[in-house]
Each structure stands twice: as structure tokens, then as C-alpha cells.
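Structure record follows, encoded as C-alpha cells.
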Amino acid sequence: MLDRKFVIENIELVEENCRHRGVTVDVRKLADLEQQRRAKQIEAEDLNRQANEKSKLIGKAAEGAEREALKEGARQLREQKEQAAAEVDALAAEADAILRVIPNLSHPAAPIGVDDKANLELRKGKHQPPVFDFPVLDHVQLGERLDLFDFEAGGKVAGHGFYYLKNEAAQLELALQQYVLNLLVGEGFTPTITPDLARNEILQGIGFIPRGPETQIYSVADTDLSLIATAEITLGGWYAKETFDSDQLPLKLCGVSHCYRTEAGAHGAATRGLYRVHQFTKVEMFAFTLPDESEEMLEYFCGLECRIFDELGIPYRVVDTATGDLGGPAYRKYDLEAWMPGRGDGGEYGEVTSTSNCTEYQARRLAIRYRIKGEKGTHFVHTLNGTAVAISRALIAILENNQRADGSVAVPEVLQPLLGKDVIEPRK
RNA sequence: GGAUGGGUGGCCGAGUGGUUGAAGGCGCUGGUCUUGAAAACCAGUUUACGGGAAACCGUAACGAGGGUUCGAAUCCCUCCCCAUCCGCCA
């Protein structure tokens with residue numbers, strides 16, 4: 001969330017930003033509530049101070065009528081204070097509810113627009129979309145021929161949107177994880193495996209809405225836990241309520257986790273197969289940085305995502321996400337869209353990774369700060385996240401781009417040693 | 001899951017319900033001394049929120065949340081976490 005004071009001092013700027021983001025918020029009401037809250041808080045604190053003073057006198061006073069009178073006075077002051085404090089809390093809660101739905105500010109270069117149609121293509125990857133001289137299959141058809149998935153059994157056992165990976169698909173999942181993890185370790189990331197569940201307060205801090213009609217999140221009944229939709233949640237939550245020394249930053253982590261999404265209301269041909277599923281595995285990058293490092297870190301994350309898909313031999317394009325499509329926490333976001341030959345009519349680009357600079361938005365909600373040695377006070381860190389690889393969508397891109405006329409699929413060179421073969425062939 | 005013992009400032013560690021935001025020590029920062037360093041000595045050393053141009057002032061915080069009381073680190077309740085032992089288990 002944004003800084004209260006900043007919002008109140010920059011009402012018009014925040015209102016304009018909300019318009020660009022497609023979010024309707026009554027910023028002026030927030031300012032009004034804040035003003036009332038401050039006045040009430042001063043009143044409550046003053047009453048409390050008076051009560052404290054009186055209580056101290058009681059300690060020194062002798063037993064008797066005088067002491068009883070002091071007690072009564074202090075009691076009354078505290079009652080008044082409690083009443084004022086309750087009003088402060090109510091005002092703060094109301095103001096906070098508004099503040100929490102205000103999205104982050106937007107990078108001045110981010111394209112302005114209400115949805116993904118306004119996304120700006122920045123560049124393309126090293127590889128061109130392949131040209132096939134045979135009928136192109138999509139990953140579902142390829143998977144049938146190669147016996148790589150079982151969607152029916154997934155549906156039977158866990159419901160629509162779940163699936164089994166079989167044979168080379170299962171091995172590819174592990175190979176992709178290992179390839180990416182090795183690459184990131186080489187780049188100085190700390191590799192981690194995170195919990196697949198997190199407390200709702202952490203989800204909210206990262207910017208997810210754990211419950212409610214529009215939620216994308218599975219929650220666990222009778223607990224305050226939810227299944228995570230991305231390791232961004234657990235990696236960001238790792239340092240909640242903690243203060244870094246500035247020389248610990250930047251801190252680069254990557255985490256392997258399963259990701260669970262209800263995908264409420266998402267159906268259709270473009271979501272067939274592995275594209276939009278309720279569970280998948282992902283290796284996520286995450287960084288805590290000083291404020292003046294985060295823009296550079298975003299470019300670095302994007303560069304790594306490009307490197308990974310270039311090395312996998314997959315054609316893609318990079319888009320600068322439009323303001324209306326940024327989500328709440330992001331200040332700027334780049335998506336990689338991989339070429340998927342089996343998608344749509346003759347192939348389409350489909351999102352495979354995404355990297356965001358969330359500046360202080362998540363850090364303020366999660367209370368993640370840093371301190372500079374020798375300086376008084378603390379500041380909020382900047383947080384960034386990026387997909388290194390989302391297995392299900394990477395599998396689509398690998399299978400569909402590397403298919404061959406005989407129905408086999410070439411294994412990307414970097415995965416061959418990990419998979420122990422260079423081609424996936426139909427089973428006999 | 002059961003039993004017991006614990007959770008206090010960057011760390012260690014005191015703390016009879018009443019000038020305790022919190023003794024003492026360590027560490028850290030600055031100073032004195034010294035050719036320099038060490039030692040010694042002196043001083044300073046939490047954070048959040050609010051007010052103020054600033055100096056600074058106010059309020060809150062002793063695992064978390066409630067309760068008792070004029071007043072709680074201190075008493076009561078609930079929960080969380082840690083340690084050890086027992087049980088169970090991949």
C-alpha cells in the first residue's frame with residue numbers, strides 16, 4: 001500500500017493513477033477520514049497523558065479521601081480516553097480499508113491503458129517462431145501421442161483443472177527445475193523450497209485476496225491458511241516484520257513451490273490442456289533491494305527470464321504491461337509471452353513468465369524495512385518478483401515448438417543431460 | 001499429542017503492581033589520552049505513530065491478544081513460539 005501521508009499530500013496524482021489502473025477509489029474520503037483520525041488521536045493521547053499523570057500521583061499519595069478522589073478522577077479520564085481511542089480505531093479501520101485498495105504508483109514509462117490490449121511489445125527473443133511443413137499439433141495432442149499427461153484421471157481424482165504428468169513430462173518438470181535452479185545459483189540466488197501454504201495475513205501483505213467471491217485462492221477450512229498461488233507469497237513473507245541492515249541488500253532468493261489457483265470463471269479453448277490449471281510447479285525469483293536498486297533489478301530479472309527461454313530455444317516476446325493490467329502491487333511489470341504453435345489459429349503468444357517491481361507497496365504492508373548504519377530510523381525495502389519457470393506453461397512451449405513430423409519432440413539441448421535423452425518419441 | 005521449563009533492547013541478562021523505555025554487562029558510535037593502536041576514562045546508542053520549519057515534544061511497545069487495576073514487564077485467561085523428555089510418524 002501507499003504511504004498515508006503521501007496519498008493525502010498528492011490526492012490528484014493518486015486519483016489519476018487510479019484512473020489509469022482502472023480502480024475506483026474515493027481518495028478524498030480517505031483524506032477526510034485521516035484528518036478526523038488525527039484530531040481524535042491527539043485528543044485520545046492527551047486524555048491518556050492526563051490519566052497517567054494522575055495515576056503517578058496516586059502512587060505517592062497517602063491513603064484516604066484524597067487518594068480515592070484521585071482514583072475516581074483517573075478512572076473518568078481513562079473512560080474518556082477509551083471512548084476516544086475507540087473512535088480513532090474506527091476511523092483508522094475505515095481509512096485503512098480505502099488505503100488498501102489503492103494500487104501502487106505506476107512507472108512513468110509504463111504504457112497507459114485499461115487492459116492487456118495496451119501492452120507494449122519491447123523486443124523479441126533470439127529464436128524465430130518455427131515454420132512447420134506438416135500439420136501442427138497442440139500440446140494436448142502431442143501429450144496423447146507421447147503419453148505425457150492424464151487429464152481424465154486428474155479430473156476424476158481432484159477435479160477439472162488437475163492433471164497427472166507422466167513419463168518424460170514428469171522428468172521434464174524435474175529437469176526444468178534443476179536447470180533453472182542451477183542457473184540461478186550461478187547468479188547468486190539462494191535456492192529454497194518454500195511452504196505451499198501461508199497465513200492469510202501474508203497473502204494479503206503480498207496483495208492477494210484470500211477469501212471472497214473474486215478470490216483466486218484456495219483456503220483451508222477452519223484455519224487462517226491458504227494454498228499459495230505463487231512462491232512470491234512465501235518468499236516475500238519470509239522477512240515480514242523484519243529489518244535488514246542495508247549491507248545485506250540486495251537479497252536474491254529463488255523458491256520452488258507448487259502454485260494453486262482456483263481460476264474462477266476462466267474457461268474456453270485457449271485454456272485447454274495445461275494452459276490454465278489449478279496446480280502447477282514454479283521456480284520463482286524474489287529480491288529485496290534498496291529503493292535505488294529496484295529498477296535495475298527488474299531489468300536483471302527480465303534479462304534472466306529471457307536468457308532461460310533463449311537457452312530453451314523458445315521464441316518469445318517481451319511486453320511492458322499496461323497500467324490497467326498491472327494488478328495492485330506492481331509499479332512496473334514485464335511479461336514474457338512464448339510462441340505457442342498449437343494455440344489459437346496457427347499459433348499465438350501466451351504468457352509464460354512475468355516480473356514485477358513492487359517498490360515499497362508490499363514491504364509497507366508486510367513491514368519489511370532496512371536500516372542504514374549510523375543513521376536514525378528505518379525505511380521500507382523494495383520487493384521484486386519474477387517467474388524463472390512455470391513448469392506447465394514452459395511444457396506447452398517446449399512440446400509445441402519442438403514437435404517434428406514423425407510426432408516426436410526434440411528435447412532442448414540444456415535439458416538433454418538432465419533428461420538423459422535428446423528426443424521424446426511415441427511409445428510403441 | 002502429553003509433561004516440564006522458558007520467551008525482556010543489536011546480544012547476554014536483572015526486574016518487590018507505582019517517576020522502569022526498562023539496572024548491569026557486551027557490542028557499537030563519538031570524545032579524552034597516545035606518534036599510532038590497544039587499554040583506561042567520559043558521553044551517546046530502539047522503533048512506530050502523532051505534533052513541530054527545527055531543536056524537540058506527546059503517545060505506544062518487555063512473544064501475541066484479552067482481562068483485573070487509578071496504574072501491569074510484574075497478577076489472571078487464551079493463543080503462538082522455543083528448549084528438554086515421552087509418545088507417534090515419512
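Taking 4.0 Å as the cut-off between side-chain N and carboxylate O, A:R272 and A:D138 count as a salt-bridged pair.
A:E413 CD: 12 or fewer foreign heavy atoms inside a 6.0 Å radius.
Between A:I372 atom CD1 and B:U46 atom P the separation is 17 Å, expressed in whole Å.
Using a 4.0 Å heavy-atom cutoff across all strands shown, A:R37 reaches sugar-phosphate atoms only and no base atom. Contacts of A:G73 with the nucleic acid, taken as non-hydrogen atoms under 4.0 Å apart, are absent. Backbone-only engagement by A:K5 is indicated by non-hydrogen atom pairs under 4.0 Å involving sugar-phosphate atoms exclusively. Here A:T378 lies in heavy-atom contact (under 4.0 Å) with sugar-phosphate atoms only.
Applying the Watson-Crick and G-U wobble criteria (two distances, each under 3.5 Å), B:U78 pairs with B:A64. Base pairing of B:C70 is made with B:G18, judged by Watson-Crick or G-U wobble geometry with both donor-acceptor distances under 3.5 Å. Pairing for B:U4 goes to B:A83, judged as Watson-Crick or G-U wobble with the two contacts each under 3.5 Å. The partner of B:A38, taking Watson-Crick or G-U wobble pairs whose two distances both stay under 3.5 Å, does not exist in any strand shown. With both pairing distances under 3.5 Å, B:U29 is matched to B:A43 as a Watson-Crick or G-U wobble pair. With a cut-off of 3.5 Å on both Watson-Crick or G-U wobble distances, the partner of B:C89 is given as none. Base pairing analysis places B:G58 opposite B:C49; the two distances defining the Watson-Crick or G-U wobble pair are each below 3.5 Å.
Residues A:E305 and A:Y316 bring no donor and acceptor atom of their side chains to less than 3.5 Å of each other. Using a 3.5 Å distance cut-off with no hydrogens or angles, the side chains of A:E87 and A:Q83 do not pair a donor with an acceptor. In summary, the side chains of A:N357 and A:S294 do present a donor paired with an acceptor at a separation below 3.5 Å, with no hydrogens or angles considered.
In summary, the aromatic rings of A:F288 and A:F286 are positioned with their centroids under 6.0 Å apart. A distance below 6.0 Å separates the ring centres of A:Y239 and A:F244.
Between A:R4 and A:L57, the residue anchored nearer the 5' end of RNA chain B, judged by the nucleotide with its closest heavy atom, is A:L57. When each of A:D3 and A:R199 is assigned the nucleotide of RNA chain B with its nearest heavy atom, A:D3 is the one assigned upstream, toward the 5' end.
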Exercise. Go along nucleotides 56-79 of chain B 5' to 3' and tag each nucleotide: B for a protein heavy atom under 4.0 Å from its base, S when only backbone or sugar atoms are that close, - otherwise.
Key: --BSS---------BS--------
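Nucleotides B:C11 and B:G66 place their C1' atoms 31 Å apart, quoted to the nearest Å. Rounded to whole Å, the separation between the C1' atoms of B:A3 and B:U20 comes to 35 Å. For B:A38 and B:G31, the P atoms lie 12 Å apart once the distance is rounded to whole Å.
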Quiz prompt | A:I102/A:C18 under side-chain contact (heavy atoms from CB on, under 4.5 Å): CA gap, chis, key distance, verdict | solution = CA-CA 7 Å; A:I102 297 177; A:C18 287; 4.2 Å; yes
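OP1 or OP2 of B:U47 has not a single side-chain nitrogen or oxygen of A:R369 nearer than 4.0 Å.
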